[in-house]
Amino acid sequence: MENNIEMFKNKIRRIPDWPKKGIIFLDITPLLNDEKCFQEIINILYERYKDKKINKVVGIESRGFIIGSALAYKLSAGFVPIRKFGKLPWKKITEEYELEYGKDKIEMHKDAISENDNVILIDDLIATGGTAKAAANLIKKLGGKIIECCFLIELKSLSGRKVLEENGYKVFSLIQE
Ligand code: AMP
């Protein structure tokens, strides 16, 4: 596992000043591109959740879709997309959250989660935790039970974990930076 984490870290491409000045963007496309890494990541997450009776994996647009759908398939669970505002075609619920400058909104279909579904929420990366908290609120609104919020990468200095834990959610990250 330790060796694998090092291997994963080495496959993350760091792009300074993208999408804007001062941000170091962590690009996971080389990690997904590597067949051994991609398979190993899904296997590790599968081992973590296989006995938790998970019936829904909820992925946050867009990189959460990639990891989330592979994990859902392996867990024999359903997959639910949380999308940015205005993208989903049917009846939906919406949650607004703060960004560094301004606000944003995410949405989920109203029938995507049922009362007492056992849910894993997944995204590629947690920074401030604002996106994940809004996503978790959507799941909670529909009565889903969030077993854990799961991320490939946690940017520790931004304390997103704290935001989620203070709201009663469990957090797991594979790689800490
Ligand atoms: P936050 O709401 O601040 O936790 O931001 C998390 C969301 O923004 C996730 O969907 C990430 O994919 C994306 N994100 C934030 N910071 C970065 C970064 N440095 N590199 C790549 N993606 C990021």
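Checked against salt bridge (Lys or Arg N to Asp or Glu O under 4.0 Å), D111 has no partners two or more places apart in sequence or in another chain. Residues satisfying the side chain to side chain donor-acceptor pair (under 3.5 Å) test with E177, not counting sequence neighbours, are R14. Taking the salt bridge (Lys or Arg N to Asp or Glu O under 4.0 Å) definition, one finds that E115 meets it with nothing, sequence neighbours left out. In this view, N43 and K74 satisfy the side chain to side chain donor-acceptor pair (under 3.5 Å) rule, not counting sequence neighbours. Listed by chain and number, the residues in a side chain to side chain contact (heavy atoms under 4.5 Å, CB included) with K84 are E61 (sequence neighbours excluded). With sequence neighbours excluded, the residues that form a side chain to side chain contact (heavy atoms under 4.5 Å, CB included) with E96 are K103, K105.
Considering only heavy atoms from C-beta on, F65 comes within 4.5 Å of F79 through its side chain. At a threshold of 4.5 Å between non-hydrogen side-chain atoms, the residues F38 and F8 do not count as touching. Side-chain contact between V57 and I122: present, with at least one pair of heavy atoms (C-beta onward) separated by less than 4.5 Å. Side-chain contact between P81 and K87: absent, with no pair of heavy atoms (C-beta onward) separated by less than 4.5 Å.
Listed by first and then second residue, the side chain to side chain donor-acceptor pair (under 3.5 Å) pairs involving residues 149-161 are E154-R161, E154-S173, R161-E165 (not counting sequence neighbours). Residues in residues 116-125 take part in these salt bridge (charged side-chain N to carboxylate O under 4.0 Å, His left out) pairs, two or more places apart or across chains: K56-D117, R63-D124. Among residues at least two apart or in separate chains, side chain to side chain donor-acceptor pair (under 3.5 Å) pairs with a member in residues 134-147 are E95-N137, E95-K141.
With side-chain heavy atoms closer than 4.5 Å counting as contact, directly or through intermediates, the hydrophobic cluster containing I60 also holds V58, V80, I82, I93, Y97, L99, I106, M108, I113, V119, L121, I126, L138, I139, L142, I146, F151, L164, Y169, V171. Under a 4.5 Å side-chain heavy-atom criterion applied to ILVMFWY residues, the cluster that includes W90 comprises that residue alone.
D17 places a side-chain N or O within donor-acceptor distance of the main-chain N or O of G22, the cut-off being under 3.5 Å.
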Pairs of donor and acceptor atoms involving the side chains of residues 23-35, under 3.5 Å and at least two apart or interchain, shall be tabulated with distances.
{"from": "D27", "atom 1": "OD1", "to": "T29", "atom 2": "N", "distance (Å)": "3.0"}
{"from": "D27", "atom 1": "OD1", "to": "T29", "atom 2": "OG1", "distance (Å)": "3.0"}
{"from": "D27", "atom 1": "OD2", "to": "R13", "atom 2": "NE", "distance (Å)": "3.0"}
{"from": "D27", "atom 1": "OD2", "to": "R13", "atom 2": "NH2", "distance (Å)": "3.0"}
{"from": "D27", "atom 1": "OD2", "to": "T29", "atom 2": "OG1", "distance (Å)": "3.1"}
{"from": "T29", "atom 1": "OG1", "to": "R13", "atom 2": "NH2", "distance (Å)": "3.3"}
{"from": "D34", "atom 1": "OD1", "to": "K36", "atom 2": "N", "distance (Å)": "2.9"}
{"from": "D34", "atom 1": "OD1", "to": "C37", "atom 2": "N", "distance (Å)": "3.0"}
{"from": "D34", "atom 1": "OD2", "to": "K11", "atom 2": "NZ", "distance (Å)": "3.2"}

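Under the 4.5 Å side-chain contact rule for hydrophobic residues, M7 and I153 share a cluster. A continuous path of hydrophobic side-chain contacts links F172 to L71 [ILVMFWY only; heavy atoms under 4.5 Å].
Once rounded to the nearest 0.5 Å, the distance linking CD1 of I5 with CD1 of I41 reads 8.0 Å.
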